[in-house]
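Below is one structure, written out as structure tokens, with a few remarks after it.
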Amino acid sequence: MPSAIISDIHANLEALNVVLADIDARGIEEIFCLGDIVGYGPDPARCLDIVMERCKWALMGNHDFAVLYEPTGFNASAEAGAYWTRAQLEEEAESEPLRRRWQFLGKLRIRERHNGALWVHASPRRPINEYIFPDDVITSPSKITQIFERIERCCFVGHTHVTGVFTDEPDFYPPSDLDGVYKINPHEKCIINPGSVGQPRDRDPRASYAILDGERVEFVRLAYDVQAVVDKIKAIPELSDFLGQRLLEGR
Ligand code: ZN
């Protein structure tokens, strides 16, 4: 039975709705979320409610952590966004949804084992905060080698918002090099990033997610109403206009 892997929604309701509609149209029932449900975007409460309802489980991302505890290593606009998000989630008039959302955030998992793979938001050695960048295979191959030493076979990560597959050569393959599909080789290690639903950073503004079916991983990109989100961000003084601009450019 296929399942969907979504990550880095970042309170982007328009992108999340388009991704879920695609998942539903394919008849996929099981959804896993790799974290960063909130932060940057204008609809944290709605996105949390949807993930709570639709996902089998969700992992703790650094932005979820920031809202729950404190922002660590954030730039000024990310930090302001985290505090605004926290205020939104504290402002709820009704106590029941408020309680449910905070309880859900507090119970997000740090790592998960499923389908013979490790699942984390960021990296196997620092599951909430370490970035595994495509450039690292050239500039820091030893970093990638050390990260691969910590996994037995396959690992799913989000965090960088860059869709693709790392192998332990080390090398990185964007979906365009794979015709959109990666077959997990049981004798090789790999780190797979489904990309970001709500803030892609690989110069393709379309929402990104992946479908896992046995050993087959298919990467999916979907256009959505980016301008609607840009306008919402513009209307919220605490969210920097740059957070909207970057959605238009996919960076
Ligand atoms: Zn993120």
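Note that the numbering runs from 1 along the sequence shown for the chain.
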Residues T167, Y182; criterion side chain to side chain contact (heavy atoms under 4.5 Å, CB included); working and verdict: CA-CA 11 Å; T167 56; Y182 181 71; 4.0 Å; yes

Whether R216 side chain and I211 backbone form a donor-acceptor pair below 3.5 Å: no

Ion pair D136/K143, N-O distance below 4.0 Å: yes

I28 CD1 to Y209 OH distance, which is reported to the nearest 0.5 Å: 5.0 Å

Side chain proximity check, R109 to L59, heavy atoms < 4.5 angstrom: yes

Donor-acceptor contact below 3.5 Å, side chain S208 vs main chain P194: yes

Test side chain to side chain contact (heavy atoms under 4.5 Å, CB included) applied to L108 and H121, step by step: CA-CA 11 Å; L108 290 173; H121 174 66; over 6 Å; no

Side-chain heavy atoms of L105 within contact of M60, under 4.5 Å: no

Check: D36 main-chain N/O paired with N62 side-chain donor or acceptor under 3.5 Å: no

Whether H10 and H63 hold their rings parallel, tilted or perpendicular, with breakpoints at 30° and 60°: perpendicular

Atom pair CG/CE of D49 and M52 - distance to nearest 0.5 Å: 4.5 Å

Ring geometry between Y69 and F65 (parallel below 30°, tilted from 30 to 60°, perpendicular above 60°): tilted

Donor-acceptor contact below 3.5 Å, side chain N115 vs main chain A117: no

W102 side chain reached by V67 side chain, heavy atoms, under 4.5 Å: yes

side-chain hydrogen bond (donor to acceptor under 3.5 Å, both in side chains) partner of H161, the single match among N193, D202, D8: D8

Beyond-backbone contact of D43 with E14, side-chain heavy atoms, under 4.5 angstrom: yes

F133 and T139, any side-chain heavy atoms less than 4.5 Å apart: no

T160 and R201, any side-chain heavy atoms less than 4.5 Å apart: no

Over 12 non-hydrogen atoms of neighbours within 6.0 angstrom of CD in E94: no

Plane angle bin for W119 and W57 - parallel if under 30°, tilted between 30 and 60°, otherwise perpendicular: perpendicular

Backbone N/O of R246 and side chain of R251: donor-acceptor pair under 3.5 Å: no

CA sep, side-chain torsions, deciding dist, call: Q88, V38, side chain to side chain contact (heavy atoms under 4.5 Å, CB included): CA-CA 11 Å; Q88 296 306 298; V38 298; over 6 Å; no

Any donor-acceptor N/O pair, N129 side chain to R126 backbone, under 3.5 Å: no

Side chain to side chain contact (heavy atoms under 4.5 Å, CB included) evaluation trace for F104 with I37: CA-CA 11 Å; F104 179 75; I37 303 159; 3.9 Å; yes

Member of D22, I23, N17 meeting the side-chain contact (heavy atoms from CB on, under 4.5 Å) criterion with V19: I23

Carboxylate-amine/guanidinium contact D24 R54, below 4.0 Å: yes

Exceeds 12 heavy-atom contacts within 6.0 angstrom, atom CD of Q146: yes

More than 12 heavy atoms of other groups within 6.0 Å of E152 CD: no

Non-hydrogen side-chain atoms of E215 and P186 separated by less than 4.5 Å: yes

Minimum heavy-atom distance A66-A82, with the two atoms named: CB-CB, 4.2 Å

Side-chain (N75) to main-chain (A78) donor-acceptor, under 3.5 angstrom: yes

4.5 Å side-chain heavy-atom contact, V229 and P42: yes

I138, CD1: over 12 other non-hydrogen atoms inside 6.0 angstrom: no

Short side-chain to backbone donor-acceptor contact, K189 and I151, under 3.5 Å: yes

